[in-house]
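The next block holds one structure in the form of structure tokens; read it before the comments.
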Amino acid sequence: MNILKKVLFVLFTFTISFSFFGCGYKPSSYYAKEELSGNVFINVLVNLEDPKNTVLVKDSINQILIQKLDSQLVTKESLADVVMNLSVNSVQMDVLQYDTSGYNKLYKATIRIKIAYFKKSENKRKSFTLEGEYDFSVDNGTTISDSQRFEAIKAASDKALEEFISKVAVSAHKK
């Protein structure tokens, strides 16, 4: 009986492997790498109301481009194959819940990020907006501290940028 289980496991594994690799399956990161291949320059449009968050989002997008897409970042636009414009459209804090005394207890941080890029070799422009949300609580009767606000916005921007690779991969197919 034990041998039968092993044989069935091997057949099942082979079938799954064949259906993914035999049919030409490629992960979305493959298409995103193709779309953003070459040297990438990131132009950040700083939000004057909240400059710290703009820098935070730029650091996160740099990390995604380097670690997940193996992109080469350049410091001059003239050296770039892809020019990316990044801006924080809005940062919003909403109250979700009050405690029995009427104090704010639960908040939601929402961030909207606009990313537009231009591929010089194909002379094409694409843009999309990403949105991320993060729920967090505060102690009873207290207001949001700067550090809590910063951490909430960082978490919300990380969630927004999670969909960056898939949006780029999908936009690569819209020709």
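It should be emphasised that the depicted structure is a prediction, and the values quoted were computed from it without experimental measurement. Side chains included, hydrogens not; waters and symmetry mates left out as well; all remaining heavy atoms used.
When the side chains of ILVMFWY residues are joined at heavy-atom separations under 4.5 Å, either directly or via intervening members, V74 and I61 end up in two distinct hydrophobic clusters. L73 is connected to I113 through a chain of hydrophobic side-chain contacts under 4.5 Å among Ile, Leu, Val, Met, Phe, Trp and Tyr, so both are in one cluster. Residues I115 and I64 share a single hydrophobic cluster, defined by chaining ILVMFWY side chains whose heavy atoms lie under 4.5 Å apart. Residues V83 and L65 fall into different hydrophobic clusters, defined by Ile, Leu, Val, Met, Phe, Trp and Tyr side chains chained together at heavy-atom separations under 4.5 Å. Residues V82 and L79 fall into different hydrophobic clusters, defined by Ile, Leu, Val, Met, Phe, Trp and Tyr side chains chained together at heavy-atom separations under 4.5 Å.
Annotation for Q72: atom CD does not count as buried by contact number, only 12 or fewer foreign heavy atoms lying within 6.0 Å. Environment of NZ in K154: sparse, with no more than 12 heavy atoms of neighbouring residues, nucleotides or ligands closer than 6.0 Å.
Here N62 contributes atom CG and I42 contributes atom CD1; the two are 4.0 Å apart, rounded to the nearest 0.5 Å. Distance check, rounded to the nearest 0.5 Å: CG of D81 to CZ of F118 gives 11.0 Å. Rounding to the nearest 0.5 Å places CD of Q92 at 9.0 Å from NZ of K108.
Of all heavy-atom pairs spanning A160 and G132, the tightest one is CB-N, 3.4 Å.
For the pair N89 (side chain) and R112 (backbone), a donor-acceptor distance under 3.5 Å is absent.
For V95, the side chain to side chain contact (heavy atoms under 4.5 Å, CB included) criterion is met by Y98, N104, Y107, not counting sequence neighbours.
Counting heavy atoms from C-beta on, the side chains of F128 and V170 never come closer than 4.5 Å.
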